[in-house]
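Accompanying notes for the structure given below.
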Amino acid sequence: MAAGPTPSTAASFRPPLPPPPPCFDYRSASLADTRASAAAADPALAGLVESGALVRVPRRRFGPVPAWRPPDFAEPEDVWILGTSHLSAESADEVERVLRAVRPDNVVVELCRSRAGIMYASDDASGEPLLKSNMFSLGGAKFFGAVNRSINLGGQSALALRLLLAVFSSKISSGANRPFGEEFRAARRVSEDIGAQLVLGDRPIEITLERALKSLSWDEKTKLVISLFRGITSTTDMPQQDEKAAVSPYELYEKLSSSYPSLLQPLVHERDMFMAWSLKRSKAVNKSKTVVGVIGKGHMNGVVYALISDQGDLRFRDLVGRESSETWASSVVKGLVRDTVIGLALWALYELLQAAAVHIKL
């Protein structure tokens with residue numbers, strides 16, 4: 001399994017590509033390239049194509065290869081993208097159908113190294129944990145390694161925000177009857193069967209959350225923590241939901257961005273660009289004939305736009321750069337705020353686990 005790049009410590013971030021304009025529609029932009037190829041691979045894929053869940057972007061639609069790329073680098077001939085729901089058994093079935101029909105060289109999933117354990121989580125719901133697994137979870141066999149990586153890449157503040165979001169996301173999705181990430185587990189199983197390489201194609205969540213925090217003012221940070229904390233400690237039970245009604249991470253990002261518009265760039269647009277890069281320009285896909293991406297439906301528009309609109313200046317280092325310079329005084333103040341936020345996050349986690357334990361006993 002191939003991982004994404006090591007984050008840079010470059011001084012600043014420069015977004016290399018604007019988000020899709022309102023008039024851009026990935027389905028109309030890719031339908032002509034997708035229909036015939038899908039029919040040739042498997043006529044049963046026609047339904048996915050017509051619904052917009054499956055698209056194909058051939059290499060001739062890509063932007064130019066940057067001059068700084070090694071001369072022996074060759075982008076994939078075809079990139080297929082399957083939009084999924086993270087709480088849907090149907091999406092898992094669709095992943096298997098597409099991968100067995102297309103038989104790609106690489107399968108790029110919307111996960112990073114610290115979330116890769118989602119692909120190996122047990123499918124047995126009988127031992128379901130008190131906190132449902134979700135896109136923010138610190139899971140996997142090496143839990144403390146994940147914590148250490150979160151601190152090293154994003155800092156303790158980003159770790160605290162991740163803990164809060166993990167607990168909050170677990171609560172709002174508690175009404176869903178499906179485990180999280182079945183399509184990723186299906187991608188892993190089928191990739192092993194057909195001999196395809198798995199590629200972790202999402203930006204490290206630690207970097208994403210660090211950039212999200214830095215995009216907010218101090219007032220906005222305080223309001224965000226308070227609102228998450230209130231949602232976590234609310235005694236209101238979440239109603240049972242079917243798969244289609246369950247809240248996805250993308251929908252959670254959109255809801256947060258409606259109250260905090262500056263979050264849309266680091267939580268959605270930058271990640272769309274990162275995944276587009278992973279699909280067509282990462283070292284893992286060099287000289288590949290066919291690549292399939294398995295990503296959330298909400299990212300389809302942004303990823304397809306980034307694939308075909310990039311003019312050769314889409315670079316990993318622009319998407320993972322971190323600012324490191326700060327004064328001693330600001331460092332002390334940030335440390336105090338950080339420790340407070342971490343304390344609140346851990347307390348909220350403890351309270352939710354205690355409540356869940358009491359509920360199970362009853």
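- Counting only heavy atoms from C-beta outward, the side chains of T290 and P76 never approach each other to under 4.5 Å.
- For the pair S30 (side chain) and R56 (backbone), a donor-acceptor distance under 3.5 Å is absent.
- The backbone N or O of Y120 lies less than 3.5 Å from no partner atom in the side chain of R188, so there is not a single donor-acceptor pair.
- S91 places no side-chain N or O within 3.5 Å of a backbone atom of T84 that could act as its donor or acceptor partner.
- Atom-to-atom distance recorded for D33:CG and R35:CZ is 11.5 Å, nearest 0.5 angstrom.
- One distance of note links OG of S85 with CD of E94; it measures 9.5 Å at 0.5 Å rounding.
- Distance alone, capped at 3.5 Å, is enough to place a donor-acceptor pair between the S215 side chain and the A212 backbone.
- When all heavy atoms of M119 and R185 are compared, the pair lying nearest together is O-CG, 3.3 Å.
- The closest donor-acceptor contact from the side chain of R115 to the backbone of D202 lies at 3.5 Å or more, if one exists at all.
- Between D272 atom CG and R203 atom CZ the span is 10.5 Å, to the nearest 0.5 Å.
- Between the K280 side chain and the L307 main chain, a donor and an acceptor come within less than 3.5 Å of each other.
- Electrostatic pairing of E110 and R271 counts as a salt bridge here, judged by a charged N lying under 4.0 Å from a carboxylate O.
- Ion pair K287/D105 not flagged as a salt bridge, since none of the NZ, NE, NH1 or NH2 atoms sits closer than 4.0 Å to an Asp/Glu carboxylate oxygen.
- Following chains of ILVMFWY side-chain contacts shorter than 4.5 Å, one cannot reach V65 starting from F274, and the two form parts of different hydrophobic clusters.
- The pair R97-D42 fails the salt-bridge criterion, with no side-chain N (NZ, NE, NH1 or NH2) lying under 4.0 Å from an Asp/Glu carboxylate O.
- Closest heavy-atom contact between C112 and I205: SG-N, 3.5 Å.
- Counting only heavy atoms from C-beta outward, the side chains of R281 and D310 approach each other to under 4.5 Å.
- One hydrophobic cluster holds both I308 and V291 under the rule that ILVMFWY side chains link at heavy-atom gaps under 4.5 Å.
- Residues L279 and F73 fall into different hydrophobic clusters, defined by Ile, Leu, Val, Met, Phe, Trp and Tyr side chains chained together at heavy-atom separations under 4.5 Å.
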side-chain contact (heavy atoms from CB on, under 4.5 Å) between E183 and L82, worked out: CA-CA 10 Å; E183 82 276 28; L82 177 63; over 6 Å; no
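- Within the model, atoms CG of L209 and CG of L263 stand 10.0 Å from one another, a figure rounded to the nearest 0.5 Å.
- Side-chain atoms of S51 come within 3.5 Å of backbone atoms of L48 as a donor-acceptor pair (strictly under, hydrogens ignored).
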Step-by-step side-chain contact (heavy atoms from CB on, under 4.5 Å) determination, V303 to Y26: CA-CA 9 Å; V303 171; Y26 76 93; over 6 Å; no
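- With rounding to the nearest 0.5 angstrom, the CG atom of D193 is 9.0 Å from the CZ atom of R103.
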